[in-house]
There are 2 protein chains.
Amino acid sequence: MTTGRPRPTSRDVARAAGVSQAAVSLVLGGKWHGRVSAAKAEAVRGAARELGYRPNLAARSLRLGRTRTALLVVPALTNEFFARLHAGAARIAAEHGFGVVLYPSPEGTGPAPDPFGSAGAALDGVIASSMASEALAALRPGGRLPLVMLDSDPERTQAAATVNLDIADGTRQVAAHLLGLGHRRVAHIAAAVDSWTFEVRAGTLAGALRAAGCPPPVTVPSALGVAEGARAAAEALAADPRPTALVCDDDVLAAGACKAVRRLGLRVPQDVSVTGFDDLALACAVEPELTTVRLPAEEAGAAGMRALLRVLDGPAAGTAGGREADVTTLPVELAVRGSTAPAPGSPAAPGGR
Amino acid sequence: MTTGRPRPTSRDVARAAGVSQAAVSLVLGGKWHGRVSAAKAEAVRGAARELGYRPNLAARSLRLGRTRTALLVVPALTNEFFARLHAGAARIAAEHGFGVVLYPSPEGTGPAPDPFGSAGAALDGVIASSMASEALAALRPGGRLPLVMLDSDPERTQAAATVNLDIADGTRQVAAHLLGLGHRRVAHIAAAVDSWTFEVRAGTLAGALRAAGCPPPVTVPSALGVAEGARAAAEALAADPRPTALVCDDDVLAAGACKAVRRLGLRVPQDVSVTGFDDLALACAVEPELTTVRLPAEEAGAAGMRALLRVLDGPAAGTAGGREADVTTLPVELAVRGSTAPAPGSPAAPGGR
DNA sequence: CTGAAAGCGCTAACAC
DNA sequence: GTGTTAGCGCTTTCAG
């Protein structure tokens, strides 16, 4: 470790270049045109490079009152969906000289350590994904920080903007796909997570089935996990008459459901169709590959960051009366793969697959 | 949005409580014993609560010269392993009032946006996982920041500390398991990623097979992905004589390998055994479940953060001569599941094929 | 075109 | 015990 000399400051650079400290700031800030001579500007740049000068972010933040940093709050990081969300947000942020700090909110009941007490980074804004509105109260001391919500209830929120995935449409596409294959007895393996996105899936599925004259779905809640999904699916499959399709709230649950089907000596998709949600890498890793709903996670992250930047830029946006509900909804797409087939005994069904 | 009055400062609190600004700092910093009277201390706390006062982190950082924030650099976030790593690091960090900022290094060739230019968070230290030593040069301006390396070559590094998983032992366990099952023709589906962790896997596997008198493994490099793994495995299985076991550098590749085996009309594990590495959720989502090496990712993240805190605390540690190589190695464990079985035709094998 | 100076909010050393 | 003060490194305004 080279813990040698202390970090050079803009004063050191100024001294080395033979200019004033202010000139250094101007040159390095790129706003020296008509303020500093080209020769001196070059000298400053040279000295800065020489000394390995890096501006002190804390000082800049203090002076500017802004940090060019946004916090991305997600319920968990173990899911690829949130990783892609982050990638999208970070890409847009970088284009605007912003940084993104990830805060995986400790799920469950544990006391959430306040990142503001410790993160050491002051923030300009918060983007929260798939979170309950209430869970964010602690994250916004005094409600002073601009907030953008992703994948959340556009009604029950104090967010300046909301970016949503068209979960309802995705669910409708799943239902239509299954109905078109002749399925009528559908079970819902529901994520036992209290969030808007899962509420929508449940409500929309029930509605679509009702509209088609099907019996209401058997619903079994399950924690997010392969083993848990398998357990829930086994329970659903024990119903009489047995469901011919299992609609799962996410791909991990669907993978578990497939295992449960096979453990009962049945086949996917000939005997039971299974659908997922999210289109994670997992969806193509299992066999058969999962019919699932592809979520534009990266695009959602990008849109969320754009919305936040918009709020930050428009000084009036926050305070303006009659504020418009700034809600963006991103389309989703059904990826039909091997885990769904005509319902056994349905007119659409051939001999086997 | 409540973009009303500006954020209260410690001066506002002082005014409201009728004390000096310094007293506020003392009281809220918890070091007022024998400096401020209990009555005034209570008044300060009350006023702070009243106004919703939150110290300005930028100002504190500037004053203190430290930010209580560490950067965790990982090659990609799409992998659960790194998510668990982060969880472990963040847990320890929180216990010490530190925050962790994640920097998923853009993989591939794209120009890496410098996190120090944009992250907006000044840093006290860096923890880097599974990175090439060279890739980090840009991340440590002037080499001034304490660095802890995770899962990296302990030799070729300028890190203050290194925390490693016992990859070599894990690989040896895989080899021993396979050899014990009578396998002798082994192929290696190798991650086409230039990093120490994968070099060790390749070297150790080759060594173990050589020591057992087996022919050297057919090695097929593959990008990290299910489809890519399947392609590589198909190539490996085309060798004559056909390998009876596929050792994969990670679970995702192993999932792909299983698909390739089946696509050839063969069975896992009766005809071909497959092993993974990492023990991701994926390992138990596929069927058969993968025999794989369980990596204590969370513990590694925690150990890395502890090491960094140690470096930060011990002021002498960095500069002291004769610095000890601070290397921790965490044990790993083979999880034997359904994807491995006795080699076909081996004495250990049952009826088999 | 250039330099000097103020001050962001906080902590710690130092007077009183 | 308590209050006052000097900066941390930066940007920006204001005189030269």
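Naming convention: chains lettered A, B, ... in sequence-line order (proteins, then strands); numbering from 1 in each chain.
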Legend entry - With A/Pro55 via side-chain contact (heavy atoms from CB on, under 4.5 Å) - residues at least two apart: A/Tyr53, A/Arg60
Inset, instruction - Assign A/Val24 to base, sugar-phosphate, or nothing according to its heavy-atom contacts below 4.0 angstrom with the strands shown. - result: nothing
Inset, instruction - With sequence neighbours left out, write down each residue that passes side-chain contact (heavy atoms from CB on, under 4.5 Å) with B/Thr9, or none if nothing qualifies. - result: B/Arg11, B/Asp12
Inset, instruction - Going 5' to 3' through nucleotides 3-10 of chain C, assign each nucleotide B (protein heavy atom under 4.0 Å from a base atom), S (under 4.0 Å only from sugar-phosphate atoms) or - (no protein heavy atom that close). - result: BB-BBBBB
Legend entry - Contact list for residues 38-48 of chain B, test side chain to side chain donor-acceptor pair (under 3.5 Å), sequence neighbours left out: none
Inset, instruction - Please name all residues satisfying salt bridge (charged side-chain N to carboxylate O under 4.0 Å, His left out) with B/Arg84, sequence neighbours left out, ordered by chain then number. - result: none
Inset, instruction - Note the angle between the end axes of the helix from C/dC1-D/dG16 to C/dC16-D/dG1, five pairs defining each, rounded to 10 degrees. - result: 60°
Legend entry - Main-chain N/O of A/Ser152 paired to A/Asn164 side chain as donor or acceptor, under 3.5 Å: yes
Legend entry - A/Glu299: salt bridge (charged side-chain N to carboxylate O under 4.0 Å, His left out) partners, not counting sequence neighbours: A/Arg306
Legend entry - By side-chain contact (heavy atoms from CB on, under 4.5 Å) - contacts of B/Ala43 (at least two apart): B/Ala17
Inset, instruction - Tell me, please, which residues at least two apart from A/Arg91 pass salt bridge (charged side-chain N to carboxylate O under 4.0 Å, His left out). - result: A/Glu298
Legend entry - Short side-chain N/O contact from B/Lys31 to OP1 or OP2 of C/dA12, under 4.0 Å: yes
